[in-house]
Amino acid sequence: MAKFSGLSKEIGHAKRGKVGVLLLNLGTPDAPTASAVRRYLAEFLSDPRVVEIPKLIWMLILHGIILRVRPAKSAALYEKVWTQAGSPLMDISLRQTAKLTDKLASEGLDVSVHLAMRYGNPSVANTLQNMHKQGIDKIIVLPLYPQYAAPTTGSAFDAIAKELSQWRYIPSLHFINTYHDHPDFIEALAGSIRADFESHGKPQKLVLSYHGMPERNLHLGDPYYCFCAKTTRLVTEKLGLSQDEFVMTFQSRFGKAKWLQPYTDATMQALPNAGVRDVAIVCPAFSADCLETLEEIVGENGHIFAEAGGNKFRYIPALNDDDAHITMMANLVRPYL
């Protein structure tokens, strides 16, 4: 510690030096209620990375229409997937955090693992402030979005930069922006699909459904589509699937703009008419199961497929807190510890 002439107390900055890992996911309402969903959607849909419409026009639409109508409908959907442990995304994320902590500790690494959500709680700002109070001044950020996209990974960086811009002392920071083609991710994903095939049989078609994005984003330079395509190629090659045994689709579109295609729901509608009545579907863009997988895929798209004449529809869960997934996380952050 340094001493300075004229100061009666030692300066304690040298006491710092701890290393921390920050896991970051999208977020979830605090409860499956209209008021909680309204708060969550207001923050989420106010992000200019998420909705790229002139702010004044969008705020009029958001507060004048969407936040008056959508919260109650979305709350009903959240109610369907809510468990005794609460939000599936939060429950799984906390288990991921605990297991990664144990994994790194078992290797003798003195690392503190923290969880933040881009929207909702625990917030990025509060989590970073807590890490600072614990003396952490080297942070490895792992956004749990396998394929980089500006509305997800880019927005996560924005939130971190916004908070740190107010700090006097900026910690050492390493930001992992994508792992769409990391060998451990591909192996973990292929392993989960392979295990499903061994348990339930190989389906006529494997559907790899990614979260959607306006097509305009691709033309503006967002690499998300290309990263999804590469994940798909690497996983299906590892599984030894031919081109006619799988299809890549995109779900969760919003508004009237043209989004990345083919759409998952339209594909589920069309497959039975093409003679495909046995499908398995996996969502490689989701590191943890949430509303978009448990309700939109299992519920909504499963119903669409059955109504169109499909016989067998099954969802292959996200990697969640699977050991292979935790090992991948550890391997991603270890080089920077």
Side-chain angles (χ1 to χ4, degrees), residues 23-51 53 58-97 115-127 144-145 149 151-152 155-156 159 209-214 250-257 259 263-265 268 281 283 285-307 313 315 317-318 320:
L23 299 181
L24 208 157
N25 213 320
L26 191 75
T28 176
D30 294 323
T33 63
S35 59
V37 172
R38 185 177 295 106
R39 289 194 301 272
Y40 173 73
L41 289 179
E43 183 182 6
F44 174 47
L45 296 176
S46 294
D47 188 341
R49 289 274 201 182
V50 174
V51 180
I53 294 175
W58 175 241
M59 287 299 103
L60 290 173
I61 297 172
L62 177 62
H63 292 278
I65 301 174
I66 295 174
L67 293 180
R68 295 175 182 270
V69 177
R70 190 169 175 181
K73 294 181 179 179
S74 293
L77 299 179
Y78 275 107
E79 182 69 38
K80 292 181 180 180
V81 302
W82 220 256
T83 70
Q84 290 185 339
S87 159
L89 176 62
M90 181 61 71
D91 177 43
I92 293 166
S93 297
L94 290 171
R95 285 190 269 128
Q96 290 172 335
T97 303
L115 172 69
M117 296 294 178
R118 175 60 184 91
Y119 313 103
N121 298 304
S123 71
V124 170
N126 287 341
T127 304
L144 293 174
Y145 312 118
T152 52
S155 181
S209 178
Y210 295 82
H211 199 286
M213 177 188 292
F250 295 89
Q251 64 186 81
S252 309
R253 66 186 186 274
F254 174 76
K256 297 182 179 181
W259 282 45
Y263 300 138
T264 300
D265 53 2
M268 291 298 102
I281 186 166
C283 298
F286 295 86
S287 60
D289 280 317
C290 55
L291 184 72
E292 285 80 2
T293 62
L294 300 174
E295 199 289 321
E296 182 181 357
I297 293 299
V298 178
E300 180 182 337
N301 280 276
H303 178 74
I304 291 172
F305 184 71
E307 286 292 301
F313 175 99
Y315 169 64
N320 294 327

Can you find a heavy atom in the side chain of [X] that is under 4.5 Å from one in the side chain of [Y]?
{"X": "Phe254", "Y": "Trp259", "value": "yes"}
{"X": "Glu292", "Y": "Phe286", "value": "yes"}
{"X": "Gln251", "Y": "Tyr263", "value": "no"}
{"X": "Leu94", "Y": "Leu115", "value": "yes"}
{"X": "Leu41", "Y": "Tyr119", "value": "no"}
{"X": "Asp265", "Y": "Met268", "value": "no"}
{"X": "Leu294", "Y": "Pro88", "value": "yes"}

State which residues pass side-chain hydrogen bond (donor to acceptor under 3.5 Å, both in side chains) with Arg39; sequence neighbours excluded, sorted by chain then number.
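Testing Arg39 for side-chain hydrogen bond (donor to acceptor under 3.5 Å, both in side chains), a comparison that skips the adjacent residues, returns none.
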State which residue, out of Cys283, Ser252, Ser209, fulfils the side chain to side chain contact (heavy atoms under 4.5 Å, CB included) condition with Thr264.
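Answer to the side chain to side chain contact (heavy atoms under 4.5 Å, CB included) test with Thr264 among Cys283, Ser252, Ser209: Ser209.
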Please step through side-chain contact (heavy atoms from CB on, under 4.5 Å) for the pair Val124 and Leu24, ending with a clear verdict.
CA-CA 8 Å; Val124 170; Leu24 208 157; 3.9 Å; yes
Could you list the residues that satisfy side chain to side chain contact (heavy atoms under 4.5 Å, CB included) with Pro122, not counting sequence neighbours?
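With neighbours one apart ignored, the set is Met90, Met117, Thr127.
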Nearest 0.5 Å, please: how far is [atom2] in [Y] from [atom1] in [X]?
{"X": "Arg95", "Y": "Asp91", "atom1": "CZ", "atom2": "CG", "result": "4.5 Å"}
{"X": "Leu144", "Y": "Ser287", "atom1": "CG", "atom2": "OG", "result": "4.0 Å"}
{"X": "Ile61", "Y": "Leu45", "atom1": "CD1", "atom2": "CG", "result": "11.5 Å"}

Output a table of donor-acceptor pairs, distance under 3.5 Å, between side-chain atoms of residues 68-82 and any protein atom two or more places apart or on a different chain; print 'none' if there are none.
unit_1 : atom_1 : unit_2 : atom_2 : d
Arg68  : NE     : His63  : O      : 3.4
Arg68  : NE     : Gly64  : O      : 3.1
Ser74  : OG     : Arg70  : O      : 3.3

Has Ser87 got a side-chain atom pairing as donor or acceptor with Thr28's backbone, closer than 3.5 angstrom?
no
Considering non-hydrogen atoms only, spot the tightest contact between [X] and [Y] and give its length.
{"X": "Glu296", "Y": "Glu300", "value": "O-CB, 3.2 Å"}
{"X": "Ala285", "Y": "Tyr210", "value": "CB-CD2, 3.9 Å"}
{"X": "Phe313", "Y": "Ile281", "value": "CZ-CG2, 3.7 Å"}
{"X": "Thr293", "Y": "Ile297", "value": "O-CB, 3.2 Å"}
{"X": "Ala116", "Y": "Ser123", "value": "CB-O, 4.0 Å"}
{"X": "Asn320", "Y": "Pro317", "value": "ND2-CB, 4.3 Å"}

Identify which one of Asn25, Thr152, Asp47 satisfies the side-chain hydrogen bond (donor to acceptor under 3.5 Å, both in side chains) criterion when paired with Arg118.
Asp47
Asp30 versus Tyr40, side-chain donor and acceptor atoms under 3.5 Å:
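Absent: no donor and acceptor within the cut-off.
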